Protein chains: 2
Amino acid sequence: MLPIHEQISEALRSRIRSGELPVGSRLPPESTLMEEFGVARGTVRRALRTLNEQGIVQTLQGKGTYIRSGRPEPSIAQTLVGLSESLSYSEKSLTTTVLTQEVVPVSAYPEFPTSVDPAEKLLYLDRIRYLDNVPVARLRNWVRLQLAPGIESTDFVTTALFTALEACVRGRVASGRRTFEAVLADGDIAESLEISTIVPLLFLKQVTYLDDGDVVECSDVWMDSQHVTVAMNLVR
Amino acid sequence: MLPIHEQISEALRSRIRSGELPVGSRLPPESTLMEEFGVARGTVRRALRTLNEQGIVQTLQGKGTYIRSGRPEPSIAQTLVGLSESLSYSEKSLTTTVLTQEVVPVSAYPEFPTSVDPAEKLLYLDRIRYLDNVPVARLRNWVRLQLAPGIESTDFVTTALFTALEACVRGRVASGRRTFEAVLADGDIAESLEISTIVPLLFLKQVTYLDDGDVVECSDVWMDSQHVTVAMNLVR
DNA sequence: CAGTGGTCTAGACCACCGG
DNA sequence: CGGTGGTCTAGACCACTGC
C-alpha cells in the first residue's frame, strides 16, 4: 500500500505517458485535483513536488503546472546509478577488467566513515572500464560486507557492482553523495588508462547510503574526460 | 522579507557553520524547533527539506535529522542556479571582478546553438570569482540580448548573472544542461586564477533554457577544484 | 514503551499572473 | 478582477526507532 501522494503522482505520470495529458499542456489546478482524488491540498502538492523533482512537470506561481517536453538524456550525475548503468546508454561496447578483488579490514581505507567498527571487513575492488576497448575509467570500491553479505563472491567481470549490491543488501540502496574534482593522474592510474601523468582526469568520490542511512559503499573513480562526458540536466 | 521557512533554514545553516551544531550530531527534533521558532510543524519541515536538498543534513525516519559530514560544500550540481547562488552557502565571502562586459555579435561565440539568427547580439561577460579573496573560478557567459533586453547595463560586480537574467527575461529561466571535464589551464586562465598551467581545472560548460525551450545563455566556467568542490546528492 | 519523523486534513491569507 | 500557486497554522494518526 503506497502513500496516497505517490498513488497520485503515479496516476498523473501514467496520464502523461499515455498522451492523455500532452506535452506542454497545463495540469488541472490543485483545487481540481483535490476534488478529483478526494484529498487535501497538501497531498496534491506533495504529489506535484515529486513530479517537479523528477523533471516531468514544472510549476509556475500564478500560472499553473505544465508538462515538460521530452525525456531528459541519460546522465551520470542525475540519479544514483553505477557507472556501467550510465555508460550503457551509449552505443559503444562496455567491458571491465578486474585488477583486484579481495576482502580487507576497514583500516585499509582510512577515509571510510568513522562510524564503522574497525573490526568489520570490506570488499575491495579495483577495476578498469573500457568503451570499445579504450580504457576510460579506473574504479576503486570499498563495500561493507556486513551490509552486503556474499557480495565478495560475485564475478565482477560480468556483473556491475550496483547490480550485485542491490542483490546482496538487506535494505534498499537509497541515496548517495558524489563530489567531483580535477586531478592529475598518478603513475599507476595513468598507466592503466594508457595516458601520461600530465593529462587531467575527473576524479569522482562517492559515498552510497542505504535507506536507513548506513554507509554501504565508498568509491574513488578516475575518468578520462576526453572519452567520458559527465553531463547533467538541471531544473530551476 | 524572506519566508519564515527560509529564515529558519538559514538560521540552522548558520549554527552548523559556526560549529554550534557539530558535524554528525543530531538536530533538535521537529517538535523542539517548532517551539523555538514559534511556528507550526509544517514550516519546520519545509525548512528541513531545503537543508536536505542542499545536502547539509540527512533526515531519517524514527531517528532524527543529522548533520552531514564535511564542510557544507556548495552543491552546484543539483538544481539550476548560478555559481554565486551555490557558493553563497559557504561561510566564505564571495566577490567578483568583471574583466569584460560588452555586446558582441552571435558569431563571436561559434559554439552558440545554430538555431540562433547570426544577426542577433549577445552580451559577453568575462569574470573572476573570489572566495575570501582567493580566485576560484573564471566565468565566461554569452547571453542573448533579444531574450533578456536591458541586461547589458547591469552592474555585474554587485549583481549575479542569474539574478539579472531572471529580472530581464520575459519567460522563466527553466532548465539547463551542464557538462564537466577536467582540463589544464591555458595561460590566460591560469594567470587569472593565480595558478600554474599544469594545475588541472574543472571545466563546466552550460546551456540555459527558458520555459519555452529557447536557449538564453551559454557559459564556460573554469574552477579550481582545490578551492571549490562540486558536490551532488543522488537518489535511487 | 516514548520519541521520532511521514502522512494527511481543513482551513487561512498572501503574492503573482492574466485578461 | 478571478484564478493560480506559495506559505502557514493546528491539529490528527501512523510507521519506524531505540530502549
Side-chain angles (χ1 to χ4, degrees), chain A residues 1-12 21 25-53 56-68 115 147 170-172 174-175 209-214 235-236, chain B residues 1-12 21 24-53 56-68 79 166-174 210-212 235:
Chain A
M1 194 54 185
L2 287 174
I4 295 172
H5 71 80
E6 285 191 32
Q7 297 177 34
I8 293 175
S9 60
E10 177 49 35
L12 293 173
L21 292 170
S25 68
R26 204 184 70 182
L27 284 184
E30 294 174 356
S31 54
T32 306
L33 294 174
M34 287 168 62
E35 287 177 21
E36 183 185 346
F37 291 102
V39 298
R41 187 165 165 223
T43 308
V44 168
R45 286 179 61 73
R46 181 66 188 78
L48 293 180
R49 180 176 131 198
T50 302
L51 297 180
N52 268 286
E53 285 168 355
I56 295 170
V57 303
Q58 176 179 24
T59 296
L60 301 175
Q61 175 164 158
K63 297 176 81 171
T65 299
Y66 293 84
I67 295 155
R68 294 173 70 99
S115 53
L147 297 181
R170 252 186 301 275
R172 206 173 60 88
S175 64
Y209 302 91
L210 298 185
D211 50 9
D212 61 5
D214 276 347
V235 294
R236 180 62 173 164
Chain B
M1 194 56 184
L2 287 174
I4 295 172
H5 69 83
E6 285 190 32
Q7 297 177 33
I8 293 176
S9 60
E10 177 49 34
L12 293 174
L21 294 170
S25 67
R26 204 183 70 184
L27 283 184
E30 294 174 356
S31 53
T32 306
L33 295 174
M34 287 168 62
E35 287 178 21
E36 183 183 345
F37 291 103
V39 298
R41 189 167 163 221
T43 307
V44 168
R45 286 178 62 73
R46 181 66 188 79
L48 293 180
R49 181 177 132 200
T50 302
L51 297 180
N52 269 285
E53 285 168 355
I56 295 170
V57 303
Q58 178 177 25
T59 296
L60 300 173
Q61 174 162 166
K63 298 176 82 169
T65 299
Y66 293 84
I67 295 154
R68 288 199 166 215
T79 54
E166 297 205 308
C168 294
V169 127
R170 253 185 302 273
R172 281 294 174 113
V173 179
L210 298 185
D211 50 8
D212 59 8
V235 292

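As a basis for the values below, the full set of heavy atoms in this structure was taken, side chains included, without hydrogen atoms, waters or symmetry mates. Below, chains carry the letters A, B, ... as their sequence lines are ordered, and counting in each starts from 1. As the structure is a prediction and not an experimental result, all values here were calculated from the model.
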Whole angstroms only, please: what is the CD1-P distance between Ile4(A) and dA15(D)? 13 Å
Kindly list each side-chain donor-acceptor pair under 3.5 angstrom involving residues 25-34 of chain A, sequence neighbours excluded, with atom names and distances?
residue	atom	partner	partner atom	Å
Ser25(A)	OG	Pro22(A)	O	2.6
Arg26(A)	NH1	Lys63(A)	O	3.4
Glu30(A)	OE1	Arg41(A)	NE	2.8
Glu30(A)	OE1	Arg41(A)	NH2	3.2
Glu30(A)	OE2	Arg45(A)	NH1	3.0

For Leu27(A) and dG5(D), what is the distance between atoms CG and P respectively, to the nearest whole Å? 9 Å
side-chain contact (heavy atoms from CB on, under 4.5 Å) partners for Gln61(A), two or more places apart: none
For Glu6(B), salt bridge (charged side-chain N to carboxylate O under 4.0 Å, His left out) partners two or more places apart: none
Excluding sequence neighbours, so at least two apart, what forms side-chain hydrogen bond (donor to acceptor under 3.5 Å, both in side chains) with Thr65(B)? Thr59(B)
Pick the closest DNA chain C nucleotide for Gly62(A) and for Glu6(A) by heavy atoms, then say which residue is nearer the 5' end. Glu6(A)
Using every non-hydrogen atom in the two residues, find where Val44(A) and Val39(A) come nearest and quote the distance to one decimal. CG2-CG2, 3.6 Å
Does Lys63(A) make a side-chain N or O approach to OP1 or OP2 of dG3(D) shorter than 4.0 Å? no
The first and last nucleotides of DNA chain C lying within contact of chain A, meaning any atom under 4.0 Å from one of its heavy atoms, run from dT7(C) to dG18(C)
Tell me what Arg49(A) touches on the nucleic acid: a base, only sugar-phosphate, or nothing, going by heavy atoms under 4.0 Å. nothing
Residues two or more places apart in sequence or in another chain: which of them pass side-chain contact (heavy atoms from CB on, under 4.5 Å) with Leu147(A)? Arg144(A), Leu210(A), Asp214(A), Val216(A)
